[in-house]
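Below: one structure, written as structure tokens.
Counting starts at 1 for both ligands and their atoms, following the listed order. Position 1 is the first residue of the sequence; numbering continues from there.
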Amino acid sequence: MTTTKDIERIEYTPQVAAATAHIYDKICDLVPEAEWRLQAPLIHEILRLKQEVGAVILAHNYQVPQIFYGIADFQGDSLGLAQAAMDVEEDTIVFCGVHFMAETARILNPEKRVLIPDLDAGCSLSESITAEDVRLMKERYPGVPVVTYVNTPANIKAESDICCTSANAKAVVESLGVDRVIFLPDEYLARNVQKETDVEVIAWKGRCIVHEQFTVDEIRGYRRQFPGLVILAHPECSPEVCTEADFVGSTTSMVRYVDDSDAQRILLVTECSMSDNVQEAHPDKEMVRPCTLCPHMKKITLENTLASLRLGRYEVDVPADVRQRAHQALARMLEIGRDD
Ligand code: 13P
Ligand code: SF4
């Protein structure tokens with residue numbers, strides 16, 4: 001783990017203050033000035049180094065506002081970031097997200113250097129299944145195509161017919177023109193897709209440790225406590241929780257919903273840094289913010305992002321044979337694109 005001790009102290013000079021003032025204007029409601037005086041020099045140095053190295057920073061919607069607004073060139077959900085990764089012209093991509101996202105960028109861009117600031121930024125869904133499990137499922141259901149959520153390592157994608165994200169899961173399932181599919185590894189996403197389609201969805205038992213925490217009682221409690229509340233849920237929540245929501249979709253579709261809606265009071269049933277980011281974009285709205293952090297996403301910090309750029313670490317790579325097979329499954333999904 002990179003700590004501030006690994007980075008020599010960079011001072012908060014008047015020059016740093018002036019160069020970063022436009023960023024602080026955006027996030028000053030969330031970041032106390034004393035904290036900003038420590039973070040602004042890191043942001044300033046990351047922005048300088050990004051130019052020097054020829055790097056682009058891609059950040060997931062769950063990254064903290066200092067990363068999301070301070071240093072990212074592109075922000076988005078898993079699908080949006082995979083698409084953005086393919087358009088990058090610079091030689092280096094620094095991924096402020098979790099490992100499977102960086103790996104996806106690498107699979108789609110084998111000629112680029114893809115760095116992740118902390119190799120331990122994993123995902124409970126990615127860890128819920130092995131390639132051997134997928135092979136056993138295929139043996140058990142011969143001829144049934146395998147749809148794999150992108151929240152998986154490359155070797156699982158390589159065993160699959162096609163990938164999907166929360167932004168296109170139903171469209172991907174229906175694109176196959178079959179009566180049933182094996183859908184891995186998120187049980188709740190699979191069950192949420194099943195509610196929307198006549199295709200039989202055979203699920204695995206993976207869960208997201210963040211979204212499985214939300215309960216129906218809790219959501220009903222929010223509705224009672226906050227009159228007029230509009231509730232948006234991520235489809236990694238249980239189907240019962242999703243039924244309580246006014247809208248269910250990917251993180252980017254939730255952002256779009258808030259952008260386009262007149263709703264004044266909104267609850268995002270998902271990781272809570274995203275509510276901070278959306279709140280900053282909509283100071284006129286009231287975001288109700290339960291604190292459910294993803295410990296994996298939170299492994300990415302300004303300190304280790306700076307170290308990543310300085311030291312060229314940690315490079316994400318995928319063996320060529322796995323990459324080629326995983327690429328096929330991703331490319332089929334990208335042809336379908338976004339469906340939300
Ligand atoms: P999105 O693709 O909707 O951003 O979801 C990614 C994720 O990890 C949700 O927990
Ligand atoms: Fe994985 Fe859940 Fe964290 Fe998303 S929020 S990266 S699905 S553990």
Q: Identify the two heavy atoms, one from M287 and one from Q279, that lie closest to each other, and give their separation to 0.1 Å.
A: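 Smallest interatomic distance, heavy atoms only, reads N-OE1, 3.0 Å.
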
Q. How close do L334 and L108 get, heavy atom to heavy atom, and via which atoms?
A.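 Closest approach of L334 to L108: CD1-CD2, 3.7 Å.
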
Q. Is there a donor-acceptor pair under 3.5 Å between the side chain of N277 and the backbone N or O of Q63?
A.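 A pair under 3.5 Å: yes.
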
Q. Could R338 and D77 be called an ion pair, given the rule that one side-chain N must be under 4.0 Å from one carboxylate O?
A.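 Counted as a salt bridge, because a side-chain N and a carboxylate O are separated by less than 4.0 Å.
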
**Q.** NZ/NE/NH1/NH2 to OD/OE distance under 4.0 Å, E187 and R191
**A.**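 Yes, charged N to carboxylate O under 4.0 Å.
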
(Q) I want to verify a count. Protein N, O or S atoms less than 2.8 Å away from atom 1 (Fe) of ligand 2, how many are there? (A)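 Step by step: take atom 1 (Fe) of ligand 2, keep protein N, O, S below 2.8 Å, and you get 1.
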
Q) Quick check: are there more than 12 heavy atoms from other residues, nucleotides or ligands sitting under 6.0 Å from CG of D198? A)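 At most 12 heavy atoms, drawn from other residues, nucleotides or ligands, come within 6.0 Å of this atom.
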
Q. Tell me, which pairs form a salt bridge (charged side-chain N to carboxylate O under 4.0 Å, His left out) where one or both residues lie in residues 63-73, sequence neighbours left out?
A.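 Pairs touching residues 63-73 that pass the test: K50-D73.
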
(Q) Can you tell me which residue among E240, E212, R207 is in a side chain to side chain donor-acceptor pair (under 3.5 Å) with Y188? (A)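 Looking at E240, E212, R207, the match for Y188 under the side chain to side chain donor-acceptor pair (under 3.5 Å) is R207.
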
Q: Using the side-chain hydrogen bond (donor to acceptor under 3.5 Å, both in side chains) rule, collect all pairs that involve residues 170-180, keeping only residues at least two apart or in two chains.
A: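 Non-adjacent pairs meeting side-chain hydrogen bond (donor to acceptor under 3.5 Å, both in side chains): E174-T197.
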
(Q) Give me the residue, atom name and distance of the protein heavy atom closest to atom 4 (Fe) of ligand 2. (A)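 Ranking protein heavy atoms by distance from atom 4 (Fe) of ligand 2, first comes Y62 CE1, 4.0 Å.
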
Q) With respect to V147, which candidate in V201, L184, L176, I202 satisfies the side chain to side chain contact (heavy atoms under 4.5 Å, CB included) definition? A)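 Option passing the side chain to side chain contact (heavy atoms under 4.5 Å, CB included) with V147: L176.
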
List, pair by pair, the atoms of ligand 1 and of the protein that are both N or O and lie under 3.5 Å apart, giving the separation rounded to 0.1 Å.
| residue | atom | partner | partner atom | Å |
| --- | --- | --- | --- | --- |
| ligand 1 | 2 (O) | S78 | N | 3.0 |
| ligand 1 | 2 (O) | S78 | OG | 2.7 |
| ligand 1 | 2 (O) | S166 | OG | 3.4 |
| ligand 1 | 3 (O) | S166 | OG | 2.6 |
| ligand 1 | 3 (O) | H234 | NE2 | 2.8 |
| ligand 1 | 3 (O) | T251 | N | 3.0 |
| ligand 1 | 4 (O) | H60 | NE2 | 2.6 |
| ligand 1 | 4 (O) | T251 | OG1 | 2.5 |
| ligand 1 | 5 (O) | H234 | NE2 | 3.3 |
| ligand 1 | 8 (O) | N151 | ND2 | 3.3 |
| ligand 1 | 10 (O) | Y62 | OH | 3.3 |
| ligand 1 | 10 (O) | E236 | OE1 | 2.9 |
| ligand 1 | 10 (O) | E236 | OE2 | 3.4 |

